[in-house]
Chemist: 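Take a look at this one; I'll ask things after.
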2 protein chains.
Amino acid sequence: MAVNRELIVGAALGILDEFGLADMSMRRIGDALGVQAATIYWHIPNKQALLAGVSDAILADVPVPVTDQPLAAGLDAWARSLRSVLLGHRDAAEVVAATLAVGLGERVPDEGCVAALRRAGWDEVRARQAARAALHFVLGHVTQEQTRRNLVDFGVLKSPIDVLDDEGFTVGLDIVVRGIAGWSPQA
Amino acid sequence: MAVNRELIVGAALGILDEFGLADMSMRRIGDALGVQAATIYWHIPNKQALLAGVSDAILADVPVPVTDQPLAAGLDAWARSLRSVLLGHRDAAEVVAATLAVGLGERVPDEGCVAALRRAGWDEVRARQAARAALHFVLGHVTQEQTRRNLVDFGVLKSPIDVLDDEGFTVGLDIVVRGIAGWSPQA
DNA sequence: ACCTGAACACCGTTCAAGT
DNA sequence: ACCTGAACACCGTTCAAGT
């Protein structure tokens, strides 16, 4: 059926968007492509690698940050665009977090953040540590948003007001950004 | 076999500590108690509720924070004691995060943090938002630590230096604490 | 080179039936 | 009231065999 890695990742992302991570099984992906689940293993070694491919596909839409920008504004823009990309795909925060945790995936979601910090004079190690802290906040917050969104779709929870999520994200992000920007470059 | 909720949660926690979350299946828990998996459903409605019980059991060991302490010191102490409790049980950060996300569990891991902020004059809403940001950092960081620890045990990864995790945690926590403490109570 | 069929060793959950 | 046996509808993964 002329199936390849790209088509498989695309089908997986389609199922993720429409039905969520719980429904993204090898059998369901095979069905979507008119192929057996076992066929996928000819093109991709295992499910974790497939998940990493989906994570990369999602993160491809994160825009490259503007270079000539004060640090605080750069961090804010990076975090907001990451969040908005994640909110564009169901359970995306969980997929990205899982891939990040096991160290797979070509794209590391905080490299734009690391770059902004390096340009502001931070050394490599400190920049990675600070960026990771910011990333943990973004992934944690969006995971919370998307999990609750799933519970609402499932009917076990009343629909919350999205504005509250936006406000909570703004407050948390402000804390993280001020915490970072208030640091001397090599404290 | 005189099985009850408390014994089941205890057996589940024991399997978590010894073999990890992936091995904590209803059948394995039943085996550990000399009972069928189906028996568990007489005492506990489903696996999510069982996970919530395990999460509560873990969080029971988080000490109540000292009341007469400056805000920054209080936040620091809270975050460090939460991390150290989580590191005491394999995959604990994942268990707590999953329970928190679906809104189950009696104990909310950031209530001590909320209390410290309220004593410092923060209003309820802002205190919850700031505490949640701090919690996302702690859970994200410890999840990363424990996932990598599992990969090392599995032999797919070389043993990292634990000191690096400690340092990364300190840097990230410092950012979050400074970000919070540098805020006016009702900005 | 690529795909199928069929299996292996599991899951969470339900439910009639036993004691 | 509490537990068992057996099933249902799934999983990820492997592998001989087909084309």
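Naming convention: chains lettered A, B, ... in sequence-line order (proteins, then strands); numbering from 1 in each chain.
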Chemist: Report the distance from atom CZ of B:Phe19 to atom P of C:dC10, rounded to the nearest whole Å.
Modeler: 14 Å
Chemist: Looking at the side chain of A:Asn46, which of D:dT13, D:dC3, C:dG5 is the nearest nucleotide?
Modeler: D:dT13
Chemist: Which nucleotide wins on minimum distance to the side chain of A:Ala38, given the candidates C:dT13, D:dC3, C:dG5?
Modeler: C:dG5
Chemist: Can you tell me which nucleotide in C:dC3, D:dT13, D:dA7 comes closest to the side chain of B:Arg27?
Modeler: D:dA7
Chemist: Would you call A:Arg27-A:Asp31 a salt bridge at under 4.0 Å N-O?
Modeler: no
Chemist: B:Ile40 CD1 to C:dC15 P: how many Å, rounded?
Modeler: 18 Å
Chemist: D:dG18 pairs with which nucleotide, Watson-Crick or G-U wobble, both distances below 3.5 Å?
Modeler: C:dC2
Chemist: Should A:Leu59 and A:Val114 be regarded as members of a common hydrophobic cluster, given that ILVMFWY residues are connected when their side-chain heavy atoms come within less than 4.5 Å of each other, either directly or indirectly?
Modeler: no
Chemist: Nearest whole Å is fine: how far is C:dC10 P from A:Met26 CE?
Modeler: 19 Å
Chemist: Expressed in angstrom and rounded to an integer, what is the separation of B:Tyr41 atom OH from C:dA16 atom C1'?
Modeler: 18 Å
Chemist: Within a strict 4.5 Å, meaning less than it, do heavy atoms of the B:Asp166 and B:Arg83 side chains meet?
Modeler: yes
Chemist: Distance check needed: C:dA1 P versus A:Asn4 CG, whole Å only.
Modeler: 16 Å
Chemist: Kindly say if A:His43 contacts the phosphate of C:dA1, meaning a side-chain N or O under 4.0 Å from OP1 or OP2.
Modeler: no
Chemist: Under a 4.0 Å N-O cut-off, is there an ion pair linking B:Arg90 with B:Glu18?
Modeler: no
Chemist: Choosing from C:dT14, D:dA1, C:dC2, which nucleotide comes nearest the side chain of B:Trp42?
Modeler: D:dA1
Chemist: Tell me which nucleotide, if any, is Watson-Crick or G-U wobble paired with D:dC10 when both distances must be under 3.5 Å.
Modeler: none
Chemist: Once you apply a heavy-atom cut-off of 4.0 Å, does B:Ser25 come out as touching a base, just sugar-phosphate, or nothing?
Modeler: sugar-phosphate
Chemist: Take atom CD of A:Gln36 and atom P of D:dC15, then tell me their distance rounded to the nearest Å.
Modeler: 18 Å
Chemist: Check the distance between C:dT13's P and B:Ile44's CD1 and give it to me in whole angstrom.
Modeler: 11 Å
Chemist: Pick the P atom in C:dC10 and in D:dA9, then give their distance to the nearest Å.
Modeler: 22 Å
Chemist: For the pair B:Arg128 and B:Glu111, find out whether any cationic side-chain nitrogen is under 4.0 Å from an anionic carboxylate oxygen.
Modeler: no
Chemist: Report the distance from atom CG of B:Leu21 to atom C1' of C:dC11, rounded to the nearest whole Å.
Modeler: 13 Å
